[in-house]
Engineer: 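Below is a structure I'd like to ask you about.
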Amino acid sequence: MDSKTVIKVANLARLRLSGEDEIAQRTKEMSGIISFVEQLQEVDTTGIAPLANPNDDVQRLRDDKADNGDTGNSGSVRVLSNAPESNSGYFVVPKIIE
Amino acid sequence: MALIIKGETGEWEVVIGMEVHAQIIANTKLFSNAKAEFGAAPNEQVSFVDAAMPGMLPVLNYKCVEQAVRTGLGLNAQINELSVFERKNYFYPDLPQGYQISQFEHPIVGKGVIEIDLPDGTVKEIGITRLHMEQDAGKSIHDQHPTKSYVDLNRSGCALMEIVSEPDIRGPEEAVAYLSKLRMIMRYLETCDGNMDEGSMRADVNISVRKVGGPLGTRAEIKNVNSLKAVTQAIHYEAERQIDILEEGGEVVQETRLWDPEKQETRSMRSKEEAHDYRYFPDPDLLPVQLQSKWVTEIKETLPELPDQKKHRFMNEYGLSLYDSSVLIAERKRAEYFETVAETGGDAKLSANWVINELLGALNKDGQDLEAAKVSAKQLGGLIALIKDDTISGKIAKDVFAEMYASGKNAADIVEEKGLKQVTDTGAIEVIIDKVIAANPDNLAKYKGGKEQLFGFFVGQVMKETGGKANPGIVNQILKKKLNS
């Protein structure tokens, strides 16, 4: 794990690293995590299917029924009340330039 | 038909694969119970799950899984009993979770194949690579404010099927035929309404070029291709662009490009490239989806006859051409209409001609679809039956049809009211023929003198005398006998 990778991953995850010191510290921490995983990889898993979830169950399915308590006009007001800024029913965010 | 482009250095062929996003028909979203209807006021159909509020958990919609399986079966594809939802990570304001829940390594549907019908009357098979379920994103609007973007999350979390084709498509005609057939299949299955205008079916086109028969070239992915016309234009533009680069000794860059319908060009979306590292991993909020094979079998039993099956049956059972069959199967209602006409009229080929040329022709001219037709299938079948049993001639039938089309009246009533019944009484026809021959001694002499094309003149005169109602077969027969005697 080098500092270049750490900077790239931080950028992808939108994490701000405060300077050389923090980059060095995070690089050390992440190297630690990687070596821990490497240790796990020493276990022979030939012929064992990868585990998608530790919960040994299958997905339960929900009926295709709309819940009016959670949507509709009142829902829109409720969900928008969580927005720092809104206008005419829209969430308002800083301009995204493509 | 494959598109071959002549360049400076030889002939190039275009290789195309498509990724189609189709919105699943369901009442609610993939992982939440908010409504999934089109056209609601902004943010009116957004649950806390769709807005990714802390602590909210996704719960998978039964109907969406069923629709994905149905579509997979309709694409003659492998249904995977175990599939896994993964997180595709990227940041954008219309994706509040910061990741899209999608399927990656273990999609619900694997390889399949469909037939496409080409304008030159041939059929080609196009391979389906996979179909997977995923969430749609919301919508951003950038032109409401100088420094702000507006976000509507109604579409956020709606269920999509992404259908990926093999790179088997060789030009715009095939691409359009592929999209049309895919749309047709999903409309038959009622799993997606296929409405490209409303964005419920969207296509990304992967294009590369190569010398005919040569190794595959580097591809570019073209986004924002939102109509059949745009697909055709974008393919032509992009193929020419890549050929120019290669012929000048350059290299095509593998990248995502945006189709600009105003400027009629594709351009690089560099911003998309940086974010291309999606870091997929299984979504810990969701367990693997395990399908019961019994359930899959049950779904299979509810499938309607699919477009290609119908097409082959029309060709085999009714002896229709590939062209006529593919026109008739384009919509399920249209195919049903035709079958009722054929059954009532008693002649499938004749019925196909009348449905395609007269009815659809007239509707098309008026900018209407079949729903708007005043003539019911049974009524049109009634008209065919009258032609079939020689009550009226084909020519008179066109006039009758015009009136049926305008008024919705029954053919038999119109024939009765206007006295259009064909004269098949040989005695009556003979009298008229004698009259016509007697009135035209000059032409009779010329005919006897060898000017045989005058036969048509006599037929015309007889038809005129009878107001077009004489049976043409009988007229020909008697006239020939009389003129040659």
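Chain naming here is simple, since letters A, B, ... match the order of the sequence lines and numbering starts at 1 in each. Reckoned from all heavy atoms, side chains included, excluding hydrogens, waters and symmetry mates. The structure presented is a predicted model; accordingly, all values stated were derived computationally and were not measured.
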Engineer: Under 4.5 Å heavy-atom distance to chain B, tell me which part of A:Ser86 shows up: side chain, backbone, both or neither.
Structural biologist: neither
Engineer: Taking atom CZ as the centre, does A:Arg14 end up with more than 12 heavy-atom neighbours from other residues, nucleotides or ligands that are less than 6.0 angstrom away?
Structural biologist: yes
Engineer: If you take all heavy atoms of B:Ser47 and A:Val79, which pair is closest and at what distance?
Structural biologist: O-CG2, 4.2 Å
Engineer: Pick from A:Arg60, A:Arg62, A:Gln59: which one has the most heavy-atom pairs with chain B under 4.5 Å?
Structural biologist: A:Arg62
Engineer: So which of B:His142, B:Lys148, B:His145, B:Lys29 has the biggest tally of heavy-atom pairs under 4.5 Å with chain A?
Structural biologist: B:Lys148
Engineer: Considering only heavy atoms, which portion of B:Ala41 lies under 4.5 Å from any heavy atom of chain A: side chain, backbone, both, or neither?
Structural biologist: neither
Engineer: Say you draw a straight line from CG of A:Leu61 to CD of B:Gln290; how long is it, rounded to the nearest 0.5 Å?
Structural biologist: 11.5 Å
Engineer: Return the option, out of B:Leu153, B:Asp152, B:Thr147, B:Val289, with the maximum number of heavy-atom pairs under 4.5 Å with chain A.
Structural biologist: B:Thr147
Engineer: Would you mind checking which part of B:Leu291 comes under 4.5 Å of any heavy atom in chain A, side chain (CB onward), backbone (N, CA, C, O), both or neither?
Structural biologist: neither
Engineer: Can you tell me which of B:Tyr62, B:Tyr150, B:Phe85 forms the most heavy-atom pairs within a distance under 4.5 Å of chain A?
Structural biologist: B:Tyr150
Engineer: Within this structure, what is the OG-CZ distance for the pair B:Ser140 and A:Phe91, rounded to the nearest 0.5 Å?
Structural biologist: 12.0 Å
Engineer: For A:Lys8, I'd like to know if atom NZ has over 12 heavy atoms of other residues, nucleotides or ligands within 6.0 Å.
Structural biologist: no
Engineer: Heavy-atom distance under 4.5 Å between the side chains of A:Leu12 and B:Arg279, does that happen here?
Structural biologist: yes
Engineer: Side chains of A:Asn87 and B:Gln144: does their closest heavy-atom pair fall under 4.5 Å?
Structural biologist: no
Engineer: Rounded to the nearest 0.5 Å, how far does OG1 of B:Thr28 lie from CG of A:Asp63?
Structural biologist: 9.0 Å
Engineer: In terms of heavy-atom proximity below 4.5 Å to chain A, should B:Ile141 be classed as side chain, backbone, both, or neither?
Structural biologist: side chain
Engineer: Rounded to the nearest 0.5 Å, how far apart are NZ of A:Lys65 and CG of B:Asn33?
Structural biologist: 11.5 Å
